[in-house]
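So you know, we letter chains A, B, ... as the sequences are listed, proteins then strands, and number each from 1.
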There are 2 protein chains.
Amino acid sequence: MIEAETKKADVTLIQAKTLAGKVYECIKSDIIRGELSQGSRIVESELALKYGISRGPLREAIHRLEQMKLILRVPHAGSRVVTLDIKTMHDIYNAREALEGMSARLAARHMSDEAIVSLKSLLDAHEQAISESEGKYYLQEEGNIDFHHRIASASQNQWILENLNGGLYQLVRMGRYQSGQQPTRPAIALAQHRQIASAIEQRDEELAELLMRRHISGAWKIVKKILELKHD
Amino acid sequence: MIEAETKKADVTLIQAKTLAGKVYECIKSDIIRGELSQGSRIVESELALKYGISRGPLREAIHRLEQMKLILRVPHAGSRVVTLDIKTMHDIYNAREALEGMSARLAARHMSDEAIVSLKSLLDAHEQAISESEGKYYLQEEGNIDFHHRIASASQNQWILENLNGGLYQLVRMGRYQSGQQPTRPAIALAQHRQIASAIEQRDEELAELLMRRHISGAWKIVKKILELKHD
DNA sequence: AAAGGTTCTATTGTTGACAATTATTGATAA
DNA sequence: TTATCAATAATTGTCAACAATAGAACCTTT
């Protein structure tokens, strides 16, 4: 039993019990971090060799990544890492706006009082982190994701939750990582997060959705400018 | 010509270039039509034998169906056809409301004038079909899907389009098919469709989104009643 | 007889070889 | 030179055998 517990702890670190799952996590990380650059060709035998597995599970990993749109595949021709141009990112942020807006609305309806308290203390921690250290972008970014993740969880909508965690968030991460990972000014984001949390606390569904949509479309405007600068 | 004979789907008729793709289409159809009933176990070797292929491509087909949430899979334990209970359907309709609402907004922004004309003539055809034949539910339902599909295409948002066509619409179809496939009263739906088309024609993004969301949440209320009746 | 552990079986996960297909290269002719 | 077609190479798609795992059946012990 004790061995089983420790084993399970190890497994949770690896995030997957199957070979395909582990390699999927690896490749996903490589793509998001840009180690596999955008548009680059994916050759099954190469990656299989690199990770020391056969082509079977590797193929499964690739298929998963294709479904979440990190990889583009054409039958018999091969796979490439997706290229996040401005149009694609715009699509992603529009989808996010719709889904997270609904997510916030449902969170205002369903989130438990304890979860709301916990959410607000998370925001306090963010404020602390921001005022303490100006340079810890990474932690701030993780905190940002954490906030959005909690809202999505509280919505209690399984479809939306899975499509945010398993799809859109990964693409957003990849986009941030590869465009210099500037955090949208943290103080402003924090203020907006507080507004959203407040709307949820007051069970104001309409306002919660409105504020979340404004928050995301505002983030898009900043990302867009960064991308346009990069492209010129 | 549409025959009822298509249930014994012939693999060679399907356009997919790969074996996995063909079998994927077959199984998807079987699930939506209820030939593979909700919650029933999926055994790889059985299906492989049934379709006369090996387990490799069949596995790929199952993985795709898992990603679009028609199949639930647990590692080493097996797969089952999803069960569309009320909660799941509610999640689906909420996600639809968010995504198709945004879709209508973007359609009002991007849809070409010619496409709008074509859309309106499609609605005329629907009106014709409704007044002519009271019983052709199937055609009406296909027309309904056609309308929503055109909006999604006109949105020019690839992510939303793919997640509607390749995910939510299939689940909605499955739910309709298996709960007696009552079409939500076609005359009312048609009137709402006309309103939406009109808003798009006037480039009123706000109104287009609002009307589409109202349309879908209204549809949900009807579906919910049907499901509740069934469950008692 | 019930609880607990142990063997056994059915099913999934993995592998390496083989077939089919696409893209490339090179030769030939206009 | 350039276009076209054939042969070739590189890569993906498919298969059947093997390994690992979870769940069922069985036995043992109390």
Distance below 4.0 Å between T18(A) side-chain N/O and dT14(C) OP1 or OP2:
yes
Whole angstrom is fine here: how far is it from [atom1] in [X] over to [atom2] in [N]?
{"X": "K17(A)", "N": "dT12(C)", "atom1": "NZ", "atom2": "P", "answer": "18 Å"}
{"X": "I62(A)", "N": "dT14(C)", "atom1": "CD1", "atom2": "P", "answer": "15 Å"}
{"X": "E60(B)", "N": "dG13(D)", "atom1": "CD", "atom2": "P", "answer": "7 Å"}
{"X": "R80(A)", "N": "dT11(D)", "atom1": "CZ", "atom2": "P", "answer": "12 Å"}

Any idea how H215(A) and H193(A) line up, ring-wise: parallel (<30°), tilted (30 to 60°), or perpendicular (>60°)?
perpendicular
Roughly how far apart are M102(A) CE and E97(B) CD, rounded to 0.5 Å?
4.0 Å
Is S121(A) reaching over with its side chain to a backbone N or O of S118(A), donor-acceptor style, under 3.5 angstrom?
yes
Just by distance, do the side chain of S153(B) and the backbone of H149(B) share a donor-acceptor pair under 3.5 Å?
yes
Side chains of residues 75-84 of chain A: which donor-acceptor partners sit under 3.5 Å, not counting sequence neighbours?
{"residue": "R80(A)", "atom": "NE", "partner": "G39(A)", "partner atom": "O", "Å": "3.0"}

Specify the residue among H76(A) and L19(A) whose closest nucleotide of DNA chain C lies further upstream toward the 5′ end.
L19(A)
Exercise: identify the closest heavy-atom pair between Q67(B) and R64(A):
NE2-CG, 3.9 Å
Report the nucleotide, chosen from dA23(C), dA22(D), dT14(C), that has the shortest atom-to-atom distance to any side-chain atom of A20(A).
dT14(C)
Can you sort out which residues in residues 41-59 of chain A have a heavy atom within less than 4.0 Å of DNA chain D? Ascending by number, please.
R41(A), I42(A), V43(A), E44(A), R55(A), R59(A)
